[in-house]
Amino acid sequence: MSNSSASAGNVVVIDSGLSSAWNTGRLVYQYDFYGNDNDVMVANANTHGALVTAEILENAPDVGIIALKVMPDDGSGASEANIEKALQWVVANADAYNITAVNLSLGGGAQTTAATTSISDELAALAAKRVLTVAAAGNSGDGGVSQSVSSYSADVNQICVSASTGDGAFPSWAQRSPTLTDVCADGTDVRITNLSGVTYTANGSSFAAPAVTAAVARAQQAWVEQTGTRLTQDEFLDLARSTGKAMGTAGYFELDTDALLAKIAQSAPVATAQSATTITVNASGAPAGGVNAHFKLLVDGKTVGQATVDSAAKDFSFTTNLTAEQAHKVQVQYDNDGFVNGQDRNLFVHKVTINGTAHSPTAANVTYDKGALDGKDVVKGQSSMWWGGTLVVDAPAKDFPAQNVPVGAAPANTTITVNASGAPAGGVNAHFNLLVDGQKVGEGMAGTAAKDFTFATNLTADHAHKVQVQYDNDAVVNGQDRSLFVNKVTINGHAVAPTASNVTYDKGALDGKDVVKGQAGLWWNGTLVVDADKSWFPSTIGTGATGTGAVASALSTDHSAAGQDTVWQHLVAQGLEAAAPSHGDHTTALYEAVPSMDAYTHAAALAEHHSDPLHPFDAV
């Protein structure tokens with residue numbers, strides 16, 4: 001099995017919930033912020049959110065779905081407070097859940113200029129993480145006379161989508177503004193098919209937005225594959241604008257997803273030579289309060305790995321791929337300085353060796369940036385790190401040769417299989433990340449049935465590695481205790497029981513503070529660590545049967561604008577399961593959906609129709 005996070009990432013739909021009549025795809029997470037429970041399914045077969053989700057999946061079938069319900073079961077409207085709670089959850093969990101896009105087919109109001117609301121700070125936070133929010137512009141148009149859009153879609157940190165006819169024109173009800181509309185997409189007679197094979201046609205900007213959301217997810221997938229990073233909102237819109245189709249009204253264009261993806265494929269960056277790099281930090285530490293010194297190894301500000309150091313000097317080796325024949329900053333970041341009961345915790349770095357070239361901490365090319373890595377309090381390099389801070393080695397280009405594949409450092413195509421099951425709570429299964437040497441390789445969500453989760457990666461051959469299964473969404477919900485059970489970890493054919501002598505369980509954060517013998521039942525958040533022998537990573541291993549391995553490198557781990565390390569992200573969903581207050585509804589779903597006239601009678605359409613308060617039913 002592949003990891004649970006689809007290659008196109010996960011898309012959040014903030015709406016009226018889901019129904020069993022429609023495709024929900026791979027439902028990764030669900031929560032009802034209106035009803036304060038973990039069930040977003042409603043009796044209304046054609047609830048707005050179900051149709052929106054189905055359209056996203058028809059356009060991007062590989063995405064995972066996160067459904068956040070913010071309306072009562074009848075879909076009559078949503079409070080801004082509940083929408084904000086949902087967005088706060090997204091901000092907190094964007095990294096852990098690999099969220100690429102958010103769909104807001106909600107609206108109300110008529111803004112003629114950019115506006116801020118109570119959710120503006122959340123939208124800004126998501127934009128900073130390169131999680132793009134797509135919002136419907138509204139259906140209260142007047143033929144374009146007022147040139148306005150709904151309140152939420154007027155925020156600068158989201159993509160405002162106006163409905164078009166799909167052929168260069170606007171329906172009369174479409175809200176739009178040449179200064180606020182970012183992109184247009186077909187929102188008329190959009191065909192969606194339910195699980196029974198019934199085809200419906202849907203009208204409204206609610207059904208223009210999902211096409212853009214799906215395009216965002218697919219574009220992000222393609223861009224990450226090309227560059228290792230995600231698109232910003234401006235970068236996506238520049239691509240959409242340059243590949244879109246000009247409309248009859250000046251200043252507007254319609255999305256052309258195929259052309260957009262083709263341009264991304266054509267603009268693939270020229271491949272640069274890579275240096276298979278091994279960095280070894282020789283270090284020791286002074287503990288305080290029974291806790292040893294901890295450091296992260298970064299290259300050019302991106303985390304490669306981490307280690308906990310005791311009083312005995314020891315080599316800590318890390319492997320990564322870096323651009324060859326180019327200078328890099330190798331950074332040892334001491335991050336848990338403390339003074340406990342008269343004991344002063346410190347880190348001592350004795351030597352940093354990069355591809356065989358040793359650098360002393362007092363060398364001329366080494367500095368010590370005290371406190372945050374911000375260049376504000378920088379002194380000459382020293383071995384003793386008495387304060388939290390970063391030892392920075394300015395390593396020259398010659399340390400990273402293009403043909404750096406010495407004996408014992410060739411990449412080993414590695415396959416790691418985790419056999420696991422879980423106990424759910426509140427309808428949510430146990431989630432884990434797979435890391436190697438502190439670097440994320442993939443993730444999975446374990447149901448009650450034991451299952452193999454297989455991951456492929458490239459690791460330095462003939463080197464020992466730490467294979468880490470990190471359980472990160474422990475919770476108790478309504479008396480149900482969510483837990484993860486790891487039955488076996490198999491590394492290139494070497495099966496390891498969770499109770500083997502080379503396995504430990506680091507409870508809580510992966511920091512070496514609360515480490516016990518390995519066990520199958522992970523009752524708390526924590527990491528099962530397998531100290532895998534170097535013999536398990538021979539350079540002659542063939543490519544894994546589950547697809548192309550992704551090189552675990554400093555070039556490929558960062559998918560956020562700020563370069564945040566996803567390894568240290570933990571789920572906070574259980575902290576957001578508190579009751580949300582009831583508020584008067586003032587935000588409504590923007591849609592109209594009726595069965596296709598060539599499939600069902602008009603009478604059946606009226607029986608199933610949930611009219612849009614912003615755009616009354618228009619028989620066609």
S.K.: So that I can tick it off, tell me whether Lys129 and Asp95 are bridged by a salt bridge, with the cut-off set at under 4.0 angstrom between side-chain N and carboxylate O.
M.R.: yes
S.K.: Which of these passes side-chain contact (heavy atoms from CB on, under 4.5 Å) with Leu18: Asp39, Val42, Leu27, Thr47?
M.R.: Leu27
S.K.: If you round to the nearest 0.5 Å, how far is CG of Leu435 from CD of Gln468?
M.R.: 5.5 Å
S.K.: For Trp89 and Tyr29, I'd like to know if the aromatic rings sit close, meaning centre-to-centre distance below 6.0 Å.
M.R.: yes
S.K.: Please identify each residue that fulfils side-chain contact (heavy atoms from CB on, under 4.5 Å) with Ser172, with sequence neighbours left out.
M.R.: none
S.K.: Are more than 12 heavy atoms, taken from residues, nucleotides or ligands other than Lys245, located less than 6.0 Å from that residue's NZ atom?
M.R.: no
S.K.: Which residues pass the salt bridge (charged side-chain N to carboxylate O under 4.0 Å, His left out) test with Asp182, sequence neighbours left out?
M.R.: none
S.K.: Taking ring-ring contact (aromatic ring centres under 6.0 Å, His included) as the definition, give me every residue that meets it alongside Phe253, ordered by chain and number, with sequence neighbours left out.
M.R.: none
S.K.: Atom CG of Leu104 and atom OG of Ser150: how far apart are they, to the nearest 0.5 Å?
M.R.: 9.0 Å
S.K.: Should Met71 and Leu106 count as side-chain neighbours, where that means a heavy-atom distance under 4.5 Å?
M.R.: yes
S.K.: Suppose we screen for salt bridge (charged side-chain N to carboxylate O under 4.0 Å, His left out). Which residues come up paired with Asp238, at least two apart in sequence or across chains?
M.R.: Arg241
S.K.: Return the set of residues passing side-chain contact (heavy atoms from CB on, under 4.5 Å) with Ala54 (not counting sequence neighbours), or none when no residue passes.
M.R.: Trp22, Ile192
S.K.: Can you check whether Val212 reaches Ile159 side chain to side chain, under 4.5 Å on heavy atoms?
M.R.: yes
S.K.: Is it the case that the ring center of Phe485 lies less than 6.0 angstrom away from the ring center of Trp523?
M.R.: yes
S.K.: Does Thr53 have any side chain to side chain donor-acceptor pair (under 3.5 Å) partners at least two apart in sequence or in another chain, and if so, which?
M.R.: none
S.K.: Can you name the one residue among Val131, Asn93, Ile66 that meets side-chain contact (heavy atoms from CB on, under 4.5 Å) with Asn10?
M.R.: Ile66
S.K.: With sequence neighbours left out, write down each residue that passes side-chain contact (heavy atoms from CB on, under 4.5 Å) with Ala163, or none if nothing qualifies.
M.R.: Trp173, Ala174, Ser205, Ala208
S.K.: Quick one: closest heavy-atom pair of Ser105 and Ala136, and the distance?
M.R.: CA-CB, 4.0 Å
S.K.: For Asp514, give me all partners under side chain to side chain donor-acceptor pair (under 3.5 Å), at least two apart in sequence or on another chain.
M.R.: none
S.K.: If we count only N and O atoms by modelled type, under 3.5 Å, do the side chains of Ser76 and Asp74 hold a donor and an acceptor together?
M.R.: yes
S.K.: Please report the shortest heavy-atom distance between Ala96 and Glu443, naming the atom on each side.
M.R.: O-OE1, 3.2 Å
S.K.: So, using ring-ring contact (aromatic ring centres under 6.0 Å, His included) as the criterion, who are the partners of Trp524 when residues are at least two apart?
M.R.: none
S.K.: Looking at Leu231 and Gln220, what are the two nearest heavy atoms and their distance?
M.R.: N-OE1, 2.6 Å
S.K.: Identify, with sequence neighbours excluded, every residue that meets side-chain contact (heavy atoms from CB on, under 4.5 Å) alongside Thr165.
M.R.: Asp167, Ala169, Pro171, Thr188
S.K.: Between Arg482 (side chain only) and Val428 (backbone N and O only), is there a donor and an acceptor less than 3.5 Å apart?
M.R.: yes
S.K.: Take atom CG of Asp374 as the centre, draw a 6.0 Å sphere, and report whether it contains more than 12 heavy atoms from other residues, nucleotides or ligands.
M.R.: yes
S.K.: With the side chain counted from C-beta on, respond yes when Asn59 and Leu57 share a heavy-atom pair under 4.5 Å apart, and no when they do not.
M.R.: no
S.K.: Do Thr181 and Val149 touch side chain to side chain, with heavy atoms closer than 4.5 Å?
M.R.: yes
S.K.: Taking ring-ring contact (aromatic ring centres under 6.0 Å, His included) as the test, write out the residues that go with Phe432, two or more places apart.
M.R.: Phe453
S.K.: Would you call Phe170 and Arg176 a side-chain contact if the rule is heavy atoms closer than 4.5 Å?
M.R.: yes
S.K.: My understanding is that only residues two or more places apart in sequence, or in another chain, count here; which of them pass salt bridge (charged side-chain N to carboxylate O under 4.0 Å, His left out) with Asp37?
M.R.: none
S.K.: Minimum heavy-atom separation for Tyr471 to Asn473, with atom names?
M.R.: CE1-OD1, 3.3 Å
S.K.: Flag the pair Thr303 / Gln439 as yes when at least one side-chain heavy-atom distance between them is below 4.5 Å, and no otherwise.
M.R.: no
S.K.: Can a side-chain donor-acceptor contact be found between Thr112 and Ser148 if the only test is distance below 3.5 angstrom?
M.R.: no
S.K.: Does either side chain, that of Asp15 or that of Asn103, offer a donor lying less than 3.5 Å from an acceptor on the other one?
M.R.: no
